[in-house]
There are 4 protein chains.
Amino acid sequence: MRLLFIGDIVGRSGRAIVEEKLPGLIEQYGLDFVVINGENAAGGFGITETIVQNLVDAGADVITTGNHVWDQRDAMVYCERQPAFLRPINFPKGVPGKGANLYHARNGASVLVMNAMGRVYMDALDCPFHAVDKALADCPMGEFADAIILDFHAEATSEKQAMGYFCDGRVSMVVGTHTHTPTSDHRILPTGTAYLTDAGMCGDYDSVLGMDKEEPIQRFLRKVSSSRYTPALGAATLCGFAVDTDDRTGLALAAEPVRIGGQLSRHIPSFWEKSGN
Amino acid sequence: MRLLFIGDIVGRSGRAIVEEKLPGLIEQYGLDFVVINGENAAGGFGITETIVQNLVDAGADVITTGNHVWDQRDAMVYCERQPAFLRPINFPKGVPGKGANLYHARNGASVLVMNAMGRVYMDALDCPFHAVDKALADCPMGEFADAIILDFHAEATSEKQAMGYFCDGRVSMVVGTHTHTPTSDHRILPTGTAYLTDAGMCGDYDSVLGMDKEEPIQRFLRKVSSSRYTPALGAATLCGFAVDTDDRTGLALAAEPVRIGGQLSRHIPSFWEKSGN
Amino acid sequence: MRLLFIGDIVGRSGRAIVEEKLPGLIEQYGLDFVVINGENAAGGFGITETIVQNLVDAGADVITTGNHVWDQRDAMVYCERQPAFLRPINFPKGVPGKGANLYHARNGASVLVMNAMGRVYMDALDCPFHAVDKALADCPMGEFADAIILDFHAEATSEKQAMGYFCDGRVSMVVGTHTHTPTSDHRILPTGTAYLTDAGMCGDYDSVLGMDKEEPIQRFLRKVSSSRYTPALGAATLCGFAVDTDDRTGLALAAEPVRIGGQLSRHIPSFWEKSGN
Amino acid sequence: MRLLFIGDIVGRSGRAIVEEKLPGLIEQYGLDFVVINGENAAGGFGITETIVQNLVDAGADVITTGNHVWDQRDAMVYCERQPAFLRPINFPKGVPGKGANLYHARNGASVLVMNAMGRVYMDALDCPFHAVDKALADCPMGEFADAIILDFHAEATSEKQAMGYFCDGRVSMVVGTHTHTPTSDHRILPTGTAYLTDAGMCGDYDSVLGMDKEEPIQRFLRKVSSSRYTPALGAATLCGFAVDTDDRTGLALAAEPVRIGGQLSRHIPSFWEKSGN
Ligand SMILES: [Fe+2]
Ligand SMILES: [Fe+2]
Ligand SMILES: [Fe+2]
Ligand SMILES: [Fe+2]
Ligand SMILES: [Fe+2]
Ligand SMILES: [Fe+2]
Ligand SMILES: [Fe+2]
Ligand SMILES: [Fe+2]
């Protein structure tokens, strides 16, 4: 089974590259299931229902989020009627929306997608490790799910790596988001889980985190905010993580990053190219 | 001019890969100047004078550090007599050691190396932007230095990217350290500075930040420390950032990551391979 | 019913004032129940079983703790056999010890004592609000408990005040600890809970948080640790919070701070003096 | 010389108590010099030029601020033409406004007022210790200043206490602000500086930090922001720190807190009452 995870979409530029490239990637490489982190899709702050719908139309099966999930305030409402939309699972009880859900892939398989948020240098939600553990107990891989994807939205590399090993053997793919910077430590952990500390963003990398760089630089220099952050508008790089799984076990057979367009070095997974149409 | 920066060495395993591979890399690819971040070389915590010497013997021209700089307490003493040793430049006045120094490369060129520490999610040292700005004013590239390297030891990707653009056109290479996770956002910024958010560590990646993974995982689960952190002992990956500079301007001509050995996908810079002996 | 809470004991000096003064206070003012935060009693770091026993011998009914609870490593063992010992209730499941317990006061009444830890600027334990809520649901005041005391060990005044109002009407006394600085915002909240943001420490106030001041000052100036923190050894002030409750409802009738000895201005609750033997 | 410092004014309720009480206090107790922290005077967020003027009209000689200093954006402009207005001294060079200034008291004496901001759990400005040290070197007490007041706007009690001892003997009064909670650790340090960890706020204490309590409580419970913070509107307590100094040395002769009105226990300094008109 062929999975693609795409990292935080930042603003118009990030949406454009995804909407332009994703349909062709699905077609050309036979992608079975696509998850996109969309927490910065609306001008850098949250995501509107219309954008959720546009991304689904472009081929996304699931939209995950993170600390910016509620920046667009009607997300609290539409999250309940958009099954493709996930918010971090470790919000306290009673918060609207879901943090894990079972989906049907194009190939008929069932895929559990979980979205969790780290707590190191971030707000103290409930424990992401226990929340993920419980979701996995409710829907174990090989039994109720043919593949399982965890988007772990976290700042600290330590917490992300710990989560990777915590899930190893129980999840197809643990992929980090939030730093907006792709890492190159992709690997298959000892018991079969594909791991990448951060998928990177889909946005203009001639920027600070996808935002126009003047304001963040002057804030570091002067410690005063002069204006709002706005997304950088140059050509975006689509960044993601591609994993092929064993249909029987759900574990990873191959795992490589994806980088297309914009400022970063291009990378198409070697196992995609071998099998492309 | 051919520069190589090597990320945080973690413990015995990290030292082993560097001491094994570095002499051959220098020889085979004609490296002119090598900087290594050694802040975790001594069992994960700081670096001893003996290890500094061993790394210099293996081919390092400069050893940079970070928040762990003083973990081995005699570093406060030997830092004054080891010109190859740098501590972050933005410690308050009066702290022993240097944070920037001018060195002679194998090819006779002069190279300014700076080591600075970020402040987002880290201890509040003096402003790294102003400290770097001052060091660059004292020794501008093209005038007193043929190339300039900045190791920016920081947690937040925002602060690292802001520093990259702040130095763009004034420095040959801005490379991040501290997260122990290599990023794949290497690029040459608009005005000629090679940039990489994090070089990654030299250590065993089957770990949490190079440390044996049991203790960090159980700390996340139980919020209790059971024992000390100890370096993981499996085969290490040497991670670094390779930059070729223009001899006249000091600006970057080519920039790619280096990953050799261990768990991560191997990468030798394409411009090294074209020119290797 | 007459309750006394005594704030974080710091080192030998803090233990001395409590062991010297507490028996007389109990006798003179007819205290029914005494809770002491002991997290810094052993040289500033944690508390030994012997010190727990000594404080109980001096008149403490319960010893609460905080972020330093496990600094003395055998606390993990003795916490299970010392019913007077509480650790923060919001540690993850499976951690030894208890965070809430029902005790019998000298007057025969039953008192629920809870110890919880904040998360703002502190490690992310489980949610203290939900943990306290659950403990109160299990043992409501007026039904199973004649009085209820919450030691909320937290850094941020916002979190402490929010906890006070969250518990208002359900608890006799919400008292903060951890900052080692007594506040003067004691009051009875609208629905009857006595509240004080921080009880302050029992230690030598000619210090930084009860520790000898040279090392912390030089760390702020130089950002380098030169030696260990050691408790200041001058005369300590006993700091606490005194609350008289309605025997029927458990709610507060009167609430004032206690400050005896050492550097701070002396304060004995006016309602104690009216009723002293 | 008789000094009064008044803590963070929060919103309309805080302004009202100060404007109502301050003229009478000055008159009745013969106050020579009054400093007010006004960083939350405008609806909780910053201070307008009109409010600065109103407070000066009510008797304030200086208005200090803190992390909220620029919340009202024209503060960047009016700070330059309002000599009574101070912003934290440890903003980077080039930021508008002043962080220390010499003023003339009603009794003809000259008073240096400094405003600095802490860095523990706050944004990393320049080092407050070095900034204060430099300001004191430029204008030493007993030479150019008859009295010196430092408003140290900081979160951590450790940093505030370290600052107190750092200034001991060189400053008349070191008073903390920012936590909006008055402490009762007022004392005269060994070399003559009056010290109080936090002056507390002027605002409605039936609140969380002076703000209506519903929104902050629900944010702790749900980790979601539902609406803006707005100041609580009940009767405010005026909180401050009163210090009498030796006219010759500038050192403190007496130091006690002030609490008038609202929810907190009333306190008028005993040395005021002895000398009141
Ligand atoms: Fe995020
Ligand atoms: Fe994001
Ligand atoms: Fe490191
Ligand atoms: Fe580091
Ligand atoms: Fe504590
Ligand atoms: Fe404590
Ligand atoms: Fe304030
Ligand atoms: Fe503040």
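In what follows, chains carry the letters A, B, and so on, assigned in the order in which the sequence lines appear, proteins first and then strands, with residues in each chain numbered from 1.
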Roughly how far apart are [X] [atom1] and [Y] [atom2], rounded to 0.5 Å?
X	Y	atom1	atom2	value
A/Tyr205	B/Arg187	OH	CZ	8.0 Å
B/Met201	A/Asp185	CE	CG	9.0 Å
A/Ser265	B/Glu256	OG	CD	7.5 Å
A/Phe129	B/Phe220	CZ	CZ	5.5 Å

- Option in A/Leu209, A/Leu264, A/Asp133, A/Thr237 with maximal non-hydrogen atom pairs under 4.5 Å from chain B: A/Leu209
- Option that, when pairs with chain B are counted at under 4.5 Å, heavy atom only, ranks first among A/Ser207, A/Cys239, A/Pro257: A/Ser207
Pick whichever of [options] has the most heavy-atom pairs under 4.5 Å with chain A.
options	result
B/Val120, B/Thr197, B/Asp206	B/Asp206
B/His267, B/Glu155, B/His186, B/Gln263	B/Glu155
B/Cys127, B/Ala156, B/Gly164, B/Ala162	B/Ala162

- Around A/Lys21, counting heavy atoms of other residues, nucleotides and ligands shown, do more than 12 lie under 6.0 Å from its NZ? no
- Message: Taking atom CZ as the centre, does B/Arg12 end up with more than 12 heavy-atom neighbours from other residues, nucleotides or ligands that are less than 6.0 angstrom away?
- Response: no
Check [X] against [Y] and note the closest heavy-atom contact, atom names and distance.
X	Y	value
B/Tyr165	A/Ile217	CB-CD1, 3.6 Å
A/Ser158	B/Val208	O-CG1, 3.6 Å
A/Ser184	B/Arg259	OG-NH1, 3.2 Å

In terms of heavy-atom proximity below 4.5 Å to chain B, should [X] be classed as side chain, backbone, both, or neither?
X	value
A/Lys223	side chain
A/Arg219	neither
A/Pro128	neither

- Message: Using modelled atom types and a 3.5 Å cut-off, is there a donor and acceptor pairing between side-chain atoms of B/Thr179 and backbone atoms of A/Thr157?
- Response: no
- Message: Go through it in stages, so that I can follow the logic: the residues are A/Thr181 and B/Gln161, the test is side chain to side chain contact (heavy atoms under 4.5 Å, CB included), and I'd like the CA-CA distance, side-chain angles, deciding distance and then a yes or no.
- Response: CA-CA 10 Å; A/Thr181 306; B/Gln161 292 168 18; 2.9 Å; yes
